[in-house]
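Notes follow the structure.
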Amino acid sequence: MPSLPTALQGVINKRIVSLPPAQIRAFDDEISGVPGIVKLTLGEPDFNVPAHVKRAAVESIQQDDSHYSASRGTMELRRAISDYLKASRQVNYDPATEIIVTVGATEAITATTFALLNPGDKVIVPTPIYSQYFSSIALTGAQAVIVNTAPDGFLLTADRLRKTLAQAGAGVKAVVLNYPNNPTGRSYSAAEIAELAAVLADHQLIAIADEIYSELVYDRQFSSLASQLPGQTVLINGLSKSHAMTGYRLGYLAAPAALVEQISKMHSFMVTAANDTAQAAALEALTNGRDDPAIYRQQYQQRRDRLAAAMRALGFEIAIPDGAFYLFAKIPAQYGDDDFRFARDLAQQARVGVIPGSAFGPGGEGHIRLSYAASDRQIATVIERLQTFMAKINK
């Protein structure tokens, strides 16, 4: 096995060295070896990709559609994305200059942060939130201004945003909004989005709006910030959650042309282009499969209600999610805020896998995230094991 010479130990980027590994994946790996464990750890839909979308992928392969795509994505797919956003958000994006097809929404996040942020810039990040934002911002040399939203029902209010801007002082460039939120499933009403948009407009801030779960909203209509503030919003979305296409790694972003021009450079430096077959599948999904998420959404809502009711009966406090497919539950009082210890005990003693809430930043301490993008049988097993585990620790 090759060994790095001692004299070269310092060659690694110091910002990378200072960052911890991705905690969600690291914890999932840690507990995966527990025999018989049922994991509700990852945001991985248990549904299959719709059959007509799979056929489009197969046809792409059979037609030898295996060459370099245009860097920003095929024009056909960008037109389909533009049409979808116009229909769903009433915003007109030019396919040629205002849309980029990315390798998943995660690449869109990285390309956006690296293209727009400079060392010393400040970015307001409401937490708990998908943890990639912490690392992506840190690697640019920018500073994340953390806002713990737990006291406000896990939502960033307009009043809280104003106060945070006043406290942060000069240098704030952007605000991140991930909604429906990972890990809490909380989302914003049209009125709440309008209030946030007014503050962002007053302060001339960029909004990075991560809307990857927008097709999985249960009890209200989804309200996009881009509908209110298109000139200041970088809209990030994809097909992973809406069409169960996580393995296709197909995302996209839409923004004013002046921003897309720079983000496109970073995108091309990182990945050159998304692959042809994934784009062919995405084109079919957005052209003929806009109604596909309705079936998943109905099943997720039933699973949400079943799992939430069972956990509440066991004494867990839960803010019922408006969308996505996660429950964010407060752990038993005897564990204090040590969600990692509780999650490890749950894995080892009950053979149930969850993610500790502190992996998602301040406000997540003392909570666990459970993904109900799992089969009904798995959820039934988890409920039974939770009942046995809670009876044991409550003795």
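All heavy atoms count here, side chains included; hydrogens, waters and symmetry mates do not.
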Salt bridge check: are [X] and [Y] linked by an N-O gap of less than 4.0 Å?
| X | Y | result |
| --- | --- | --- |
| R25 | D29 | no |
| R89 | E211 | yes |
| R303 | D46 | yes |

Residue list, ring pair (Phe, Tyr, Trp, His ring centres under 6.0 Å) with [X], at least two apart or on another chain:
| X | result |
| --- | --- |
| Y296 | F47 |
| Y372 | none |
| Y93 | none |
| F340 | F27 |

Within the 4.5 Å heavy-atom criterion, are [X] and [Y] side-chain neighbours or not?
| X | Y | result |
| --- | --- | --- |
| H367 | F154 | yes |
| N275 | S69 | no |
| V147 | V125 | no |
| S136 | T106 | no |
| N181 | P183 | yes |
| S82 | E98 | no |
| T41 | I31 | yes |
| R72 | V101 | no |

Item to check | Identified side-chain contact (heavy atoms from CB on, under 4.5 Å) counterpart of Y133 within the set V123, D210, T127 | outcome: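 Single side-chain contact (heavy atoms from CB on, under 4.5 Å) partner of Y133 among V123, D210, T127: D210.
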Say you draw a straight line from [atom1] of [X] to [atom2] of [Y]; how long is it, rounded to the nearest 0.5 Å?
| X | Y | atom1 | atom2 | value |
| --- | --- | --- | --- | --- |
| E261 | S264 | CD | OG | 8.5 Å |
| L19 | K14 | CG | NZ | 14.0 Å |
| Q167 | R162 | CD | CZ | 14.0 Å |
| Q221 | S223 | CD | OG | 8.0 Å |
| L250 | L77 | CG | CG | 6.0 Å |
| R186 | N178 | CZ | CG | 13.5 Å |

Next on the checklist: Let's go through D83 and R78 carefully: what are the C-alpha distance in whole Å and the side-chain angles of both, what is the deciding distance for salt bridge (Lys or Arg N to Asp or Glu O under 4.0 Å) to 0.1 Å, and is it a yes or a no?
Outcome noted: CA-CA 9 Å; D83 290 344; R78 282 184 277 161; over 6 Å; no
Checklist entry - Knowing that exactly one of T287, D292, N288 qualifies, which makes a side-chain hydrogen bond (donor to acceptor under 3.5 Å, both in side chains) with H52? => result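 Of the listed residues T287, D292, N288, the side-chain hydrogen bond (donor to acceptor under 3.5 Å, both in side chains) partner of H52 is D292.
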Are [X] and [Y] connected, step by step, through hydrophobic side chains (Ile, Leu, Val, Met, Phe, Trp, Tyr) whose heavy atoms are closer than 4.5 Å?
| X | Y | value |
| --- | --- | --- |
| Y179 | L156 | yes |
| L8 | V17 | yes |
| Y248 | L253 | no |
| Y213 | L177 | no |
| I24 | V354 | no |

Please output the side-chain donor-acceptor pairs of residues 56-64 that fall under 3.5 Å, not counting sequence neighbours, one pair per line with the distance.
| from | atom 1 | to | atom 2 | distance (Å) |
| --- | --- | --- | --- | --- |
| S60 | OG | D65 | OD2 | 3.2 |
| S60 | OG | T277 | OG1 | 3.3 |

Next on the checklist: Walk me through whether L216 and F325 qualify under side chain to side chain contact (heavy atoms under 4.5 Å, CB included).
Outcome noted: CA-CA 8 Å; L216 301 178; F325 38 57; 3.7 Å; yes
Checklist entry - When you look at L314 and F389, which way does the side chain to side chain contact (heavy atoms under 4.5 Å, CB included) test go after all the steps? => result CA-CA 10 Å; L314 293 172; F389 180 77; over 6 Å; no
Next on the checklist: Quick one, Y252 with Y84, criterion side chain to side chain contact (heavy atoms under 4.5 Å, CB included). Give me CA distance, side-chain angles, the key distance, then yes/no.
Outcome noted: CA-CA 12 Å; Y252 60 85; Y84 164 73; 3.3 Å; yes
Next on the checklist: Parallel, tilted or perpendicular: which one describes the rings of Y335 and F342, with boundaries at 30° and 60°?
Outcome noted: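 Y335 and F342: perpendicular rings.
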Item to check | Test side chain to side chain donor-acceptor pair (under 3.5 Å) applied to Q90 and S224, step by step | outcome: CA-CA 10 Å; Q90 296 75 53; S224 174; over 6 Å; no
Item to check | Y218/Y300 under ring-ring contact (aromatic ring centres under 6.0 Å, His included): CA gap, chis, key distance, verdict | outcome: CA-CA 9 Å; Y218 308 114; Y300 289 144; 7.2 Å; no
Next on the checklist: Determine whether L117 and I137 satisfy the following criterion, side chain to side chain contact (heavy atoms under 4.5 Å, CB included), listing intermediate values before the conclusion.
Outcome noted: CA-CA 8 Å; L117 300 179; I137 291 168; 4.2 Å; yes
Item to check | side chain to side chain donor-acceptor pair (under 3.5 Å) assessment of T246 paired with E44 | outcome: CA-CA 7 Å; T246 52; E44 177 69 67; 2.7 Å; yes
For a quick test of reading the model, state the closest non-hydrogen atom pair linking [X] to [Y] and the distance between them.
| X | Y | answer |
| --- | --- | --- |
| S131 | A359 | CB-O, 3.4 Å |
| L327 | P321 | CD2-CD, 3.6 Å |
| R306 | D376 | NH1-O, 3.6 Å |

Checklist entry - With a cut-off of 6.0 Å (strictly less than), are more than 12 heavy atoms of other residues, nucleotides or ligands near CD of E317? => result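 12 or below, so no.
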Checklist entry - Distance only, no hydrogens: is a donor on one side chain within 3.5 Å (strictly under) of an acceptor on the other, for E365 and S358? => result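 Looking only at side-chain atoms, S358 and E365 do not form any donor-acceptor pair under 3.5 Å.
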Item to check | Any donor-acceptor N or O pair under 3.5 Å, side chains E192, S189 | outcome: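 Yes - a donor-acceptor pair under 3.5 Å links their side chains.
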Item to check | Within the 6.0 Å centroid threshold, strictly below: F360 and Y130 | outcome: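 No - the distance between ring centres of F360 and Y130 does not fall below the 6.0 Å cut-off.
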Item to check | E30 and R344: CA distance, side-chain angles, deciding distance, salt bridge (Lys or Arg N to Asp or Glu O under 4.0 Å) verdict | outcome: CA-CA 9 Å; E30 176 186 332; R344 288 189 176 101; 2.6 Å; yes
Item to check | Pairs meeting criterion salt bridge (Lys or Arg N to Asp or Glu O under 4.0 Å) with involvement of residues 116-139, two or more places apart | outcome: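 Sorted pair list: D121-K173.
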